[in-house]
Structures are given as structure tokens and as C-alpha cells.
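All remarks here apply to the structure that follows.
Both ligands and their constituent atoms are indexed starting at 1 by order of listing. Starting from 1, each residue takes its place in the sequence as its number.
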Amino acid sequence: MEIPIELDHGSRQSLQGQIFEQFRRLILGGRLKPGTPVPASRALAEQLGASRNTVLLVYDRLIAEGYLQAREAIGTYVSFDLPETCLAASRPVATPSPDQVETSGCLAIPFLGRAQAVVSARRLAFDFWLGRPDPHSFPIKTWRRLINKALATAGARLTEYRDPGGLPELREAIAEHLGAARGISVSPEQVIITAGSQEGLNLVARLFVRDGTLVATENPCYQGAAFLFESYCAKLVPVPVNEAGLNVEQLPKDGVMLVYVTPSHQYPMGFTLSLERRLKLIDWARRCGAYIVEDDYDSDFRYRGSPLTALMGLDEHGCVMYLGTFSKSIGAGLRLGYLVVPKALAQAARTVKALLDNGHPWLDQAVMGEFIRSGCYANHLRRIRHLYSERRDCLVEELRRHFGDVRLSGLESGMHLAWHLPEHYPSASELQNLALRQGVGIYSLGSGAAYDYGGCDYSGRTVVLGFSSLDEYQIRAGIQRIADALAGLPASPALPVATY
Ligand SMILES: Cc1ncc(COP(=O)(O)O)c(C=O)c1O
């Protein structure tokens, strides 16, 4: 079977990226139906004039993202069980043209976006899904007390419109916290309260991104950011990362409007952007007239040494926007975060926020403001930092005990680490599938909410494991099961899924 894919060898997009994108569209557009076998990698490589390795990496990614399934002795075919995110994205497959006709009573939706994976697709007994805070550590008693206290003094605050930028007390508390924790000196007016960093990203995109705007990102990077910029029709520019973070030397010399980075704990690889590169990045942005979007999603958890000053703390030119979130430090269900912008952008950011939703709910902001001001936040952070460092140590110890001298990255901070698989191991998606049969969730980059443009050094041979929401028993049992799976032992009996 010939697959209708055309490659543009002059394009800036890698061949791998082109094949992946066109394959995905054929599946979502219904031209490749569930159950259809795909050609052998060698045959497709020959048809396209690409290397077999390129096709194999594309197949790996399509499997990891749930578009294809591989079965021993049967081969690889289009998934019957397309993930929800694919189905959502499958409705609008093309931008409507003026001559577009009505289909089943309604016009096709012009929106082209797809959403990041925010929860593991399956509920597993031992799920190393990334970025989940410990469910038992949510400060529920304090929260209840602070809600009651805020309600008792709410007055007209629940009935009136308020400043769309956010509650002044919370903005002040955040500005103060950022000074002490991240070396960022800002006034409360520069802080816009958002529904998590995802809304912060939307504010940034509304401010800067139009059709064709160049947005550089790390490769690989966080899906939530890449998909978001993509949905605003940005042109994404992948920039490689290595142990010292984003390779600043490989940024384009001009034309880029935004560069999105995760300097504290590169998502998904866990690298820390070195001080030298931080300074170079700021210098590059100043010279090119670009803005840096600094996503500091899990910087509260630093286990070795002291944290490097945030880019925004180092910036003297007003070219950094900073995204903060309480999703990792307290809980994603709160939907609370903030965007900090240079002074010159404060008014425009507040206007965009007003247009989007007229401001974040008052009660949530009042409670969070008091939680920080009363010192409860600092105590909470201290406690869970200690807990997560123990869980991280346990995970590292178990990996070493079962698999020897494992190559890991991202140990210094954060809530997950990356395991670089040696050549003689199965690929990341094969290992993910083996573990899945044992009731264990570990994730290849594409399945772990990472956007992998392909062609990066880590594609296909890295699995990511979150450790913050699993207790030590679960960590030990989960890793034991992976070792059993690799040793070819039969699947352990299914265990009940943990519920909270
Ligand atoms: C890199 C990165 N940024 C941001 C977020 C959090 O987003 P939000 O604050 O919208 O919950 C995540 C969550 O997984 C993430 O991995």
C-alpha cells in the first residue's frame, strides 16, 4: 500500500516532522481507518526516499502518541482506540475555505488545535505520570479554615467585578515571594493572576502571536506550550537542548518573536540551563528584539545546591516574561498561576486578561494570598520538598539496584527524571508497553506530554518517570515490575488502582 505523503526537502521542518504530521492528518481525516495495517518501515522509507531510521522514529512517535498500535507477530496498524485528544483534534481537520460547503448541518470549525496530555490515559496501580503533587499532602484543613475566614469578610467582593489583573494582596504576596525565592524584583502591577501557566501562555500568545510568527522552543519541549503556539498558527522553530539546557548558539540570528524555555528543569529532559547560557540567551533576546518566555513550573523543588537566579531576575532589558504556577507546589485542581511581565507590557497583559475572562475568581485568590502571607506556603514547600527528595532518592536507588549504572538526567530538581536507555534495551515505547502489561506507567517522550520534533538526540530512547505522587512502596513495586517485564517474566497479577 502506498501512503500519500509528499516530502519537501527544502523545508525547514525535518523529514521526520513532515512524515509524522502528514501521517497524523491521514489518520485524523479518516483516510487511514482504524485497523489499517501500515507499510513496513523499509517499504515506506523506499517510497519516500527517506532513511529507514527516520521512518522507524516516526512510527515510534505515532505509537507513543496513540495513533498506531504495534502487536507482536501481527505488525503495526492504525489504533482502534484513538486517544481523546486525537478525537477532539480530528473534528477540525482543515481551515475552511470560502467555498467550503456545510457538512451535517454545521460549518467546519476553523480551530485547528490539539490539547496536551494532562493526565495519564489509563489509571494504573503504579503510575509514574509526571508533575503530580502528592495527593495526601494537599493542606486541606488550612484551606478549609482560610476559605471560611475569607467568606466571613467577603462583603461585596463576591458580587462586584474586580481588577482583571488579580487581587492586589495576592499579587503583592507573589511579588514578594519571587524576590526571595527566584531573585526577581517586580512590582505587583507586573503580576497577572491566571488559571495556571496555561492561561499565562494564552495571554502571551494573544499579545504576540499571529499567523506565521516565529516561536522558538526547546526540542523536545512541553506539549502544552507547543500546541498552544501552534493553535495560534505560529511557526515553531526547534532548538536542541543538551546537559546545559537550550543550545543558545543554535537560535536563529533574527526573525524570532518569542523563545519558550524551561530553564530550571528542562521539560521533559530535566536539564538546568547553565548561568553562562542564561546570560547568552538574554543577550541574544536583546540583540534580536525577541521576548523570552520563562516557564518555571517546578522550580520550588531543588534538591542539590541552590537554585540559579531566574532569567527574569538576571534580565536588565525587559525582555523576559515569567510563568509561575501553583499546580505543582500545591495542586493542579486549583487552576492558579501567574504571568509576570516587564513593566512596559503590564497594561496590555491586563487588557488581554480582561478580554479573556475579566479576572480570576476572588475567593481562590483571597485564600491563596492569605496562605502565602501567613507563612503556610513556605512551611508547605519545606515539607513536600523533603518528601519528594526522599521519593526521588528511592526511585534512583531502585533503578540502580535493578538496572545497574543507569544514565539519568533531571535529578537536581523537579518532580520527574529522565532515564536514557542503553542501546541494548528495547526502545522507549516498547519499554512503555512492556511496563503497561505489568500495570506500570512509564512514558516515552511523546506519551509524557513532551513535544518531540523528532531528530533530537533523545528521541525514542528516553523514558520519563514522575516520582512525586507515589509512595516508596509504589516506587519499589513499580520498578520491580519493570525489571520483571524486561526479564521476560509473565505479568504480575493486576492490582486495584489507587484512588484518592
Ligand atoms: C512544563 C510545564 N509547564 C507548565 C505546566 C503546568 O501548567 P498549569 O499551571 O497550567 O497547570 C506543566 C504541567 O505539567 C508543565 O509540565
Side-chain angles (χ1 to χ4, degrees), residues 85 113 115-121 127-135 138 166 170 174 182 191-205 215 217-229 231 236 241 245-246 258-273 292-301 310-312 321-340 353 356-357 360-361 364-365 368 388 409-410 413-418 441 443 445-452 462 464-469:
T85 50
Q116 71 275 27
V118 282
V119 280
S120 164
D127 198 340
F128 292 85
W129 183 248
L130 290 82
R132 293 157 88 192
D134 175 44
F138 185 88
L170 177 58
I174 290 171
R182 308 296 297 117
V191 179
I192 308 287
I193 306 301
T194 61
S197 14
Q198 196 62 29
E199 195 193 28
L201 281 165
N202 267 285
L203 295 185
V204 170
V215 176
T217 81
E218 297 152 328
N219 181 24
C221 73
Y222 175 49
Q223 264 181 6
F227 287 175
L228 186 275
F229 291 126
S231 78
L236 298 181
V241 294
L246 179 92
L258 300 172
V259 54
Y260 166 82
V261 281
T262 46
S264 291
H265 193 236
Q266 201 275 327
Y267 194 91
M269 300 306 301
F271 304 135
T272 304
L273 188 66
I292 299 166
V293 183
E294 175 174 26
D295 183 351
D296 220 16
Y297 66 109
D298 67 358
S299 63
D300 297 301
F301 308 110
L311 286 165
M312 192 170 210
M321 291 177 273
Y322 179 94
L323 292 165
T325 181
F326 296 105
S327 287
K328 308 299 161 191
S329 55
I330 308 181
L334 293 176
R335 302 313 303 135
L336 249 178
Y338 46 93
L339 168 69
V340 189
K353 174 68 182 169
L356 267 180
D357 52 24
H360 203 75
D364 300 353
Q365 298 190 70
M368 181 61 80
Y388 295 172
S409 60
S413 59
M415 302 158 87
H416 75 268
L417 53 80
Y443 298 91
L445 298 185
S447 316
Y451 186 99
D452 178 0
T462 309
V464 278
L465 298 96
F467 48 79
S468 43
S469 69

Problem set entry | Protein contact of atom 7 (O) of ligand 1 - nearest heavy atom, named by residue and atom, plus distance |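 For atom 7 (O) of ligand 1, the nearest protein heavy atom comes out as Ser197 OG, 3.3 Å.
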Problem set entry | Identity and separation of the nearest protein heavy atom to atom 14 (O) of ligand 1 |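 Here the closest protein heavy atom is Lys328 NZ, 2.9 Å.
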Exercise. Quick one: does Ser327 get an N or O within less than 3.5 Å of an N or O on ligand 1?
Worked result: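 Among all N and O atoms of Ser327, at least one is under 3.5 Å from an N or O of ligand 1.
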Exercise. Between Tyr267 and ligand 1, is there a nitrogen or oxygen pair with a distance under 3.5 Å?
Worked result: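 N/O-N/O distance below 3.5 Å does not exist for this pair.
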For ligand 1, which atoms have a heavy atom of [X] less than 4.0 angstrom away?
{"X": "Thr325", "value": "8 (P), 9 (O)"}
{"X": "Gly196", "value": "9 (O), 10 (O)"}
{"X": "Gln198", "value": "10 (O)"}
{"X": "Asp295", "value": "1 (C), 2 (C), 3 (N), 4 (C)"}

Indicate the atoms forming the closest heavy-atom contact of [X] with [Y], along with that distance.
{"X": "Pro220", "Y": "Met269", "value": "CG-CG, 4.2 Å"}
{"X": "Val464", "Y": "Pro268", "value": "CG1-O, 3.7 Å"}
{"X": "Lys328", "Y": "Tyr297", "value": "CG-O, 3.2 Å"}

Exercise. Can you check whether Tyr260 reaches Leu236 side chain to side chain, under 4.5 Å on heavy atoms?
Worked result: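 No, too far: nothing below the 4.5 Å cut-off.
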Problem set entry | Nearest-option assignment for atom 10 (O) of ligand 1, heavy atoms, candidates Arg335, His416, Glu199, Glu218 |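 Minimum heavy-atom distance to atom 10 (O) of ligand 1 goes to Arg335.
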Problem set entry | Interatomic distance, Ser197 atom OG to Leu203 atom CG [nearest 0.5 angstrom] |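 Between atom OG of Ser197 and atom CG of Leu203 there are 11.0 Å.
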For this session: Decide if the gap between the ring center of His416 and the ring center of Tyr267 is smaller than 6.0 angstrom.
Result: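 Yes.
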